[in-house]
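Working notes, structure below.
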Amino acid sequence: MSETYYDIVGIGNAIVDVLAKVGDGFLRERDLPKGCMTLMDAKTAGEIYADIVPERVVPGGSAANTVAGIASLGGTPAFIGKIHDDELGQEFTRDIGAAGVDFFTTPLTKGPMTGRSVVLVTTDAERSMFTYLGAATHLTEDDIDENIIKAGKIIYIEGYLWDTECCQGALIKACKLAHKHQRKIAFTLSDTTCITRNREAILDFITEYVDVLFANEEEIKALFAEEDFYKSLDLIKPLVEIAAITRGIKGSVVVNGRTKTFVEAEIVKDVVDSTGAGDLYAAGFLYGMTQERSLGTCAMIGSIAAAEIITHYGARPEVSLRGFVRNKLRSYGKRG
């Protein structure tokens with residue numbers, strides 16, 4: 001295998017998140033679905049934005065959050081995603097660079113503006129996302145640089161990209177290049193509605209390309225249209241090398257061949273916002289993999305990273321995850 005430079009190369013939607021606190025009534029009055037990601041046009045997203053008081057405006061996107069977490073853990077990540085050369089696109093570029101992530105994707109100079117997601121957080125810390133993808137939907141095969149793919153140990157792809165045909169072409173190219181250079185491919189299912197829209201295509205993609213799969217309990221059940229969680233675990237077992245499934249306060253389970261490893265969730269007394277918990281779990285798990293840790297320890301690192309994120313608004317770490325995780329692992333008698 002040729003030399004690598006990046007621990008993780010993430011590919012996903014480049015989005016700027018607008019976070020606001022609302023009550024359940026806000027969602028009911030506008031007939032807005034709770035607890036999932038809903039795609040919207042620019043006009044509808046703008047109307048929701050006009051009715052809220054933003055708590056924070058921060059660059060986001062699922063895979064972008066994960067690679068920012070990798071950097072905070074001490075890893076070396078890169079990101080591939082499409083923005084417009086507008087104010088929000090420039091903010092995204094500055095922020096991801098400041099987080100320690102290499103980002104070289106050429107921005108659009110005309111066409112749709114940089115994507116944004118209005119994230120409404122209710123009092124139970126559940127987040128509901130209303131997303132205008134904008135420029136993110138214009139990621140094409142031309143944006144997939146073979147040298148960057150070759151330089152990564154693991155190529156990490158977010159499932160949201162399957163909602164756009166041209167993005168699917170970009171992902172297939174990235175996967176073929178990853179296989180050419182003997183790189184592992186990790187994939188996150190992202191959202192139940194995204195799975196429902198693309199279930200057969202996603203299953204085919206996983207079967208052909210994916211080595212490491214991330215999902216939560218509802219997503220893995222949706223993938224197989226199966227109500228029984230444990231049957232879903234058996235169904236994913238022959239398709240991928242590793243599946244890491246999060247279950248909220250129940251922790252997570254890692255499936256590796258015939259072995260299932262159950263890991264407890266970190267105890268968090270005051271959950272503020274669940275946005276990004278899955279993204280940061282993936283960051284911790286993948287970082288552990290690049291450091292050749294056991295799968296159980298990888299899941300522990302993922303749980304610790306996710307626990308930090310849900311104590312504040314936004315899906316980017318507010319402390320150095322490297323020190324945060326090291327101290328936690330040492331307290332559990334693990335090597336930091």
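Just so we're clear, the structure is a prediction, and the values are computed from it rather than from any experiment. Just so it is clear, the values below take in all heavy atoms, side chains as well, and ignore hydrogens, waters and symmetry mates.
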Any chance you could measure Glu87, atom CD, to Met113, atom CE, to the nearest 0.5 Å?
12.0 Å
Reported CD-to-CH2 distance for the pair Gln168 and Trp162, which is rounded to 0.5 angstrom
4.5 Å
May I ask you to test the Ile245-Phe214 pair for a side-chain heavy-atom distance under 4.5 Å?
no
Check: Thr131/Ser117 side-chain N/O donor and acceptor closer than 3.5 Å
yes
Is it the case that the side chains of Thr105 and Asp143 hold a donor-acceptor pair, with the cut-off being a distance below 3.5 Å and no angle test?
no
Using side-chain contact (heavy atoms from CB on, under 4.5 Å) as the criterion, point out the one residue from Leu177, Ile11, Ile8 that pairs with Ile155.
Ile11
Are any of the side-chain heavy atoms of Leu286 and Lys153 separated by less than 4.5 Å?
no
What distance separates Phe229 CZ from Lys221 NZ, expressed to the nearest 0.5 Å?
8.5 Å
Does the side chain of Gln90 come under 3.5 Å of the side chain of Asp85 through a donor N or O and an acceptor N or O?
yes
Show the nearest heavy-atom pair for residues Ala135 and Pro112, with the distance to one decimal.
CB-O, 3.7 Å
Is it the case that Asp7 and Tyr287 place a side-chain donor and acceptor less than 3.5 Å from each other?
no
Does the side chain of Ser294 come under 3.5 Å of the side chain of Thr297 through a donor N or O and an acceptor N or O?
yes
Specify the closest pair of heavy atoms between Asn147 and Asp145, including all atoms of both residues, with the distance to one decimal.
N-OD1, 2.8 Å
Taking the side chain as every heavy atom from C-beta outward, state whether Leu280 and Pro317 have any pair of such atoms under 4.5 Å apart.
yes
Can you confirm whether the side chains of Thr114 and Asp86 place a donor and an acceptor under 3.5 Å from each other?
yes
Where do Ile148 and Val9 come nearest, in terms of heavy atoms and distance?
O-CG2, 3.6 Å
Taking the six-membered ring for Trp, are Phe103 and Phe92 parallel (under 30°), tilted (30 to 60°) or perpendicular (over 60°)?
perpendicular
Tell me yes or no: between the side chains of Ser303 and Tyr281, is some donor less than 3.5 Å from an acceptor?
no
Rounded to the nearest 0.5 Å, how far apart are OG1 of Thr192 and CG of Leu223?
11.5 Å
Is any side-chain heavy atom of Met289 closer than 4.5 Å to a side-chain heavy atom of Ile154?
yes
Using modelled atom types and a 3.5 Å cut-off, is there a donor and acceptor pairing between side-chain atoms of Arg30 and backbone atoms of Phe26?
yes
Any cation-pi pair here, Arg322 with Phe324, using under 6.0 Å and within 45°?
no
Do Asp204 and Thr207 meet the criterion of a side-chain donor-acceptor pair at a distance under 3.5 Å?
no
Would you call Glu264 and Lys250 a salt bridge, taking side-chain N to carboxylate O under 4.0 Å as the test?
no
Calculate, to the nearest 0.5 Å, the distance between atoms CG and CG belonging to Leu120 and Asp24 respectively.
11.0 Å
Answer with yes or no whether the side chains of Arg247 and Asn216 bring together a donor and an acceptor at under 3.5 Å.
no
Measuring only between side-chain heavy atoms, which start at C-beta, is Asn198 closer than 4.5 Å to Asp163?
yes
Determine whether Thr290 and Thr76 make a side-chain contact, defined as any pair of heavy atoms from C-beta on separated by less than 4.5 Å.
no
Would you mind checking if Glu91 and Arg94 are paired as a salt bridge, meaning a charged N to carboxylate O distance below 4.0 Å?
no
Salt bridge flag under 4.0 Å for residues Lys173 and Glu146:
no
Say you draw a straight line from OG1 of Thr44 to CD of Glu47; how long is it, rounded to the nearest 0.5 Å?
5.5 Å
Heavy-atom closest pair (Arg56 atom, Val58 atom, distance to 0.1 Å) is NH2-CG1, 3.6 Å
